[in-house]
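Just below is one structure, and these are the notes that go with it.
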Number of protein chains: 2
Amino acid sequence: LPHIITFGNEKGGTGKSTTAVHIAIALMSEGHSIAAVDLDARQRTFARYMENRRSFSDGHGLDLSLPEVSVIEEKDDGAEARLDEAFHTEADYLIIDTPGRDSILGQVAMARADTLVTPMNDSFVDFDLIGQVDAETFKVKRPSFYAEMVWKARKDRAKHDAGTVDWLVVRNRLAHLAANNMVRVGKALNELAPRIGFRISPGLSERVIYRELFPRGLTLLDLDVIDEARLSHVAARAELRALVAALNLPDRDN
Amino acid sequence: LPHIITFGNEKGGTGKSTTAVHIAIALMSEGHSIAAVDLDARQRTFARYMENRRSFSDGHGLDLSLPEVSVIEEKDDGAEARLDEAFHTEADYLIIDTPGRDSILGQVAMARADTLVTPMNDSFVDFDLIGQVDAETFKVKRPSFYAEMVWKARKDRAKHDAGTVDWLVVRNRLAHLAANNMVRVGKALNELAPRIGFRISPGLSERVIYRELFPRGLTLLDLDVIDEARLSHVAARAELRALVAALNLPDRDN
Ligand SMILES: Nc1ncnc2c1ncn2[C@@H]1O[C@H](COP(=O)(O)OP(=O)(O)OP(=O)(O)O)[C@@H](O)[C@H]1O
Ligand SMILES: Nc1ncnc2c1ncn2[C@@H]1O[C@H](COP(=O)(O)OP(=O)(O)OP(=O)(O)O)[C@@H](O)[C@H]1O
Ligand SMILES: [Mg+2]
Ligand SMILES: [Mg+2]
């Protein structure tokens, strides 16, 4: 059975799709086979990224790695069956990109995840969905509704097959200014993490390279193939490698 | 009747709530009365911001400007009636914050808007919902589904009262690096704007000041009240003023 990595955050625009795409391509570059499900049947960012990748690859006679992607529209009959089918892929990893809204299949993907990755902006606006903080001390007053959804998903999973969900909260779009705010969000995350059971990792910093290649479906890992690698990308590559390492994925045969 | 300003973008996390909050507070600082509707009954970012503002104001004996905010849950009976009631507020401006997902009341708010503000990240990932671009030339190949939704909303509005919707696309979280990407996104926006009928404005740059005050419900415009104004905020204040000016709001009595 595949190791299932779900990218979940009900808050919109926190980097779920961007992080999912980069992790998928990083894992393929390490020789793993990847299947993917895009549960955002309306925006389809993950699927669009890979369509662009396929067009570019075919158009230039390259042989870029491509995961097989199923887009699943929740309202279709047979949607749950198609998701279940994906859970039984022969690929090493199943990557599930979920929408930035409440979604039934998104909750299934959260409960069935081996690894749940929740990217967020370094912002108390994003933090507000996992915990509310005191305005003066920035201490966590109470967990909030997304934390409760994960708790519920883990209970469902425990009943289903006694499995556990490794929950990793990833700080996305980190910038090298904003020190006070970064420290405060970091403290609030560190305080909440043991209470509701997640690990924390820095993620992809704010870098144009993580978004400017979307129309060609490329990532920084492909740039030597098209002869555009730059010295400035060395730090970004190290960042992506560190993020993959932080997932603590179990060893899989290549 | 109020001048209705709707903040709409089906893409998540593009800055709808952040921009709505800052424009609401800027308009109040100019002496206008503001009513607000938060159509994101689940995350309630706008309402949460104002709850934090009220707590901080009360807790410190300040007299901070506060709009009256109604949170409307779409699935409740009477939701449409409550939204309609808001359309008849006596306030100068009605600010409507909509969710980053497909929503029936969000579409009503789009059709009934006098001004529709669509903030977006400077990214082809965000652009993809209004238009698809060619991977090599970055020229716009076709408008995409959010553009179609606005087109349909404008038709509905024209039938309803022969009114028009002034659509302003606002480039949010602009950073001073990323010149190539910024130029390409700018060209694509300039190409699409006359075809589907929107104006373009720079918005709030990427600045921590626009997010770090959320727990206290404050904005940079309140900082002199709490004696924390800084020289670095002068540029941010100019940016917010320029954004309000770009809305081209009609004159309203103060
Ligand atoms: N680390 C990063 N550096 C630069 N830009 C980023 C980064 N992460 C995300 N972005 C940009 O931020 C925006 C939101 O990212 P993305 O679409 O991946 O988020 P999402 O959580 O999948 O959103 P949604 O909730 O709409 O599915 C996009 O414009 C993307 O290009
Ligand atoms: N100009 C800016 N500078 C710095 N941070 C910003 C800026 N605009 C938005 N943010 C941050 O980006 C994130 C997304 O912003 P916001 O919540 O306002 O977007 P939204 O479109 O309302 O999202 P949703 O679709 O979830 O309602 C938040 O963490 C917010 O604090
Ligand atoms: Mg996404
Ligand atoms: Mg919002």
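Just so it is clear, the values below take in all heavy atoms, side chains as well, and ignore hydrogens, waters and symmetry mates. Throughout, protein chains are lettered first and strands after them, A, B, ... in sequence-line order, and every chain is numbered starting at 1.
Using a cutoff of 4.0 Å between basic side-chain nitrogens and carboxylate oxygens, A/R42 and A/E74 are not scored as salt-bridged. B/D222 has no carboxylate O lying under 4.0 Å from a charged side-chain N of B/R216, or vice versa, which leaves the two without a salt bridge.
Shown here are the side chain to side chain donor-acceptor pair (under 3.5 Å) partners of A/S55, two or more places apart in sequence or in another chain: there are none.
Using a 4.5 Å cut-off between heavy atoms, B/S123 contacts chain A through both its backbone and its side chain. Interface residue B/F138: only side-chain heavy atoms are found under 4.5 Å from chain A. For B/F145, the part lying near chain A is the side chain, with the backbone staying farther off; criterion is any non-hydrogen pair under 4.5 Å. B/R207 does not touch chain A: none of its heavy atoms, backbone or side chain, sits under 4.5 Å away. Heavy-atom distances place both the backbone and the side chain of B/E10 under 4.5 Å from chain A. Residue B/N52 does not touch chain A at all, counting heavy-atom pairs closer than 4.5 Å. Of the two parts of B/R173, only the side chain, counted from C-beta on, holds a non-hydrogen atom closer than 4.5 Å to a non-hydrogen atom of chain A. When heavy atoms are compared at a cutoff of 4.5 Å, B/D126 does not approach chain A at all.
Remark: A/K141 NZ is packed, more than 12 non-hydrogen atoms of other residues, nucleotides or ligands lying under 6.0 Å away. Dense packing is recorded around CG of A/D224, with more than 12 heavy atoms of other residues, nucleotides or ligands lying under 6.0 Å away. Around CD of B/E80, the count of heavy atoms belonging to other residues, nucleotides or ligands within 6.0 Å does not exceed 12. In this structure, B/R54 places its CZ atom where only 12 or fewer heavy-atom neighbours from other residues, nucleotides or ligands lie under 6.0 Å away.
Aromatic pair B/F127/B/F124: centroids less than 6.0 angstrom apart.
Chosen from B/K11, B/R101, B/Q43, the residue pairing most often with chain A at heavy-atom distances under 4.5 Å is B/Q43. Chosen from A/S144, A/P215, A/A175, the residue pairing most often with chain B at heavy-atom distances under 4.5 Å is A/P215. The choice from B/A135, B/G15, B/P99, B/G100 that makes the most heavy-atom pairs within less than 4.5 Å of chain A is B/A135. The candidate from B/V133, B/N121, B/T45, B/T18 with the greatest count of non-hydrogen atom pairs under 4.5 Å with chain A is B/N121. With respect to chain B, the highest number of heavy-atom pairs below 4.5 Å among A/T14, A/D40, A/D122, A/I209 belongs to A/D122.
A/S201 contributes no side-chain N or O that, together with a main-chain N or O of A/V170, makes up a donor-acceptor pair within less than 3.5 Å.
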